[in-house]
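So that the names make sense, note that chain A is the first sequence line, chain B the second, and so on, each numbered from 1. Below, each value reflects all heavy atoms present in this structure, side chains not excepted, and no hydrogens, waters or symmetry copies.
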There are 2 protein chains.
Amino acid sequence: MPSQPAKQDARSKLLDAALTVIRTKGYAATTVDELCAAAGVTKGAFFHHFKSKEALGVAAADYWSEMTNGLFAEAPYHDHADPLDRVLGYVAFRKELLQGGVPDFTCLVGTMVQETYETTPAIRDACDRSISSHAATLEADIEAAIRNRGLTPDWTAKSLALHTQAVLQGAFILAKAKGGAEVAAESVDHLTRYLKLLFTQKMA
Amino acid sequence: MPSQPAKQDARSKLLDAALTVIRTKGYAATTVDELCAAAGVTKGAFFHHFKSKEALGVAAADYWSEMTNGLFAEAPYHDHADPLDRVLGYVAFRKELLQGGVPDFTCLVGTMVQETYETTPAIRDACDRSISSHAATLEADIEAAIRNRGLTPDWTAKSLALHTQAVLQGAFILAKAKGGAEVAAESVDHLTRYLKLLFTQKMA
DNA sequence: CAAAACATACCAACCAGTTGGTATGTTGTC
DNA sequence: GACAACATACCAACTGGTTGGTATGTTTTG
């Protein structure tokens with residue numbers, strides 16, 4: 001009966017707070033005190049669960065992976081019989097997620113890796129794991145779509161899967177610069193158009 | 001006779017230092033003291049030329065625009081007679097720029113806007129100006145290529161120009177996550193492929 | 001009751017920004 | 001063209017608030 005938000009322990013509350021605060025202000029500008037205030041816990045609780053701010057960053061990236069894994073695993077686009085439809089369905093699903101404020105639909109690990117890639121290897125690696133493992137879930141469908149269409153492309157399923165992530169991450173940056181989702185949605189439309197062209201082209 | 005680097009004043013040295021330091025560590029993690037040390041000037045000089053760290057951020061974004069404007073204005077891809085070749089030449093040029101360490105080829109304003117979009121409007125706007133004005137330089141060639149090929153697309157030249165920037169910005173994020181330019185280059189290859197398909201398609 | 005889960009109080013280092021000052025032009029005036 | 005009046009460029013030392021982290025409690029739970 002009792003819902004989650006009330007019964008959460010300090011660790012979960014801190015991780016949830018980290019997702020929203022870091023996505024809004026970035027990792028470096030987010031202070032431990034701020035995280036504690038947003039989570040409604042004290043600093044003692046913070047350092048009981050995380051040995052440092054950096055450790056929280058790594059845990060937040062892992063937590064982000066868990067959350068998104070669940071979200072995408074349950075998304076309806078997997079139901080399509082045609083693997084290309086699953087890939088296109090994935091991208092359409094990503095477009096549907098572009099709702100609410102910019103901090104709500106942008107990517108935690110994309111934000112964090114920008115700030116930490118040179119200075120904090122542990123966080124960079126956690127962000128890389130998150131992005132790369134998510135891209136890998138697309139790779140199988142792309143591979144199946146290639147076989148299904150009998151293509152022999154000069155690109156790999158892996159590089160295309162990563163390209164979809166590049167487009168999305170770049171779309172988030174434009175959304176942040178312009179203060180809205182519209183520009184991101186248009187970039188996702190271009191990605192969809194590319195995928196359709198790739199798999200339906202009548203090449204010379 | 002005397003070369004530039006020795007004769008620079010404190011302001012220019014600080015702006016040059018800002019480009020490298022902020023691209024490496026991010027805006028929030030970069031301290032004023034660090035900037036001064038990298039520029040070889042004192043804090044007094046810093047606050048003489050910039051009224052705050054935020055003001056330096058804005059100035060750095062404007063300085064970045066100047067630098068990149070010059071670089072792209074003089075690039076050889078403008079010489080192509082065919083507008084589509086100019087667009088493809090631009091993307092090829094961007095791929096050529098993916099040399100050296102990750103902090104050397106990534107984008108200052110893409111990095112800064114991620115951290116400041118919600119908290120520091122002045123910097124966000126400066127970054128937006130930089131990205132959008134750069135994209136606008138592409139728009140004319142795209143428009144000309146559309147007319148040249150007699151296309152009536154369901155997308156706009158502006159959205160495609162912004163999409164190229166999204167791909168590049170996203171490619172930088174992947175490069176940061178993976179610690180190298182290779183993944184970015186592959187994404188740029190996908191962008192080139194998309195452009196060629198868009199303009200040479202035999203649609204059903 | 002023992003250990004895990006939290007809270008309170010505190011600290012040393014750090015940070016953006018200030019202060020008061022010097023050195024070197026530039027400008028106006030007779 | 002000499003000299004006062006002012007402006008610009010820069011510097012070293014300092015400050016007050018903030019930050020990540022710690023030391024030491026108290027409370028809850030199995």
What nucleotide, of C:dA16, C:dA7, C:dC6, holds the atom closest to the side chain of A:A10?
C:dC6
Report the distance from atom CZ of A:F46 to atom P of C:dC6, rounded to the nearest whole Å.
14 Å
If you go through the side-chain atoms of B:K53, does one of them form a donor-acceptor pair with the base of C:dG17 closer than 3.5 Å?
no
Could you tell me the separation between the CZ atom of B:F50 and the P atom of C:dC15, rounded to a whole number of Å?
19 Å
Tell me whether A:E115 contacts the main-chain N or O of A:A28 through its side chain, where contact means a donor paired with an acceptor under 3.5 Å.
yes
Aromatic plane relationship, B:H163 with B:Y194 - under 30° parallel, 30 to 60° tilted, over 60° perpendicular
perpendicular
I need the CZ-P distance between B:F47 and D:dA12, as an integer number of Å.
16 Å
Spacing of B:L14 atom CG relative to C:dA16 atom C1', expressed in whole Å:
15 Å
A:D154/B:R193 under salt bridge (Lys or Arg N to Asp or Glu O under 4.0 Å): CA gap, chis, key distance, verdict:
CA-CA 10 Å; A:D154 57 346; B:R193 199 173 292 110; 3.7 Å; yes
Does B:K43 get its side chain close enough to the base of C:dA16, under 3.5 Å, for a donor-acceptor pair?
yes
Taking the side chain of B:T42 as its heavy atoms from C-beta onward, which of C:dC6, C:dA7, D:dA12 lies nearest to it?
D:dA12
Could you state the NZ-C1' distance from A:K51 to C:dA4, rounded to the nearest angstrom?
20 Å
To the nearest angstrom, the CZ-C1' distance between B:R11 and D:dT8 comes to 14 Å
Taking 4.0 Å as the cut-off, does a side-chain nitrogen or oxygen of A:H48 come that near to OP1 or OP2 on C:dA5?
yes
Check for me whether the distance between the ring centres of B:H78 and B:F72 falls short of 6.0 Å.
no
Report the distance from atom CG of A:L35 to atom P of D:dT19, rounded to the nearest whole Å.
12 Å
Please report, rounded to the nearest Å, how far the P atom of C:dA16 is from the CG atom of B:D33.
7 Å
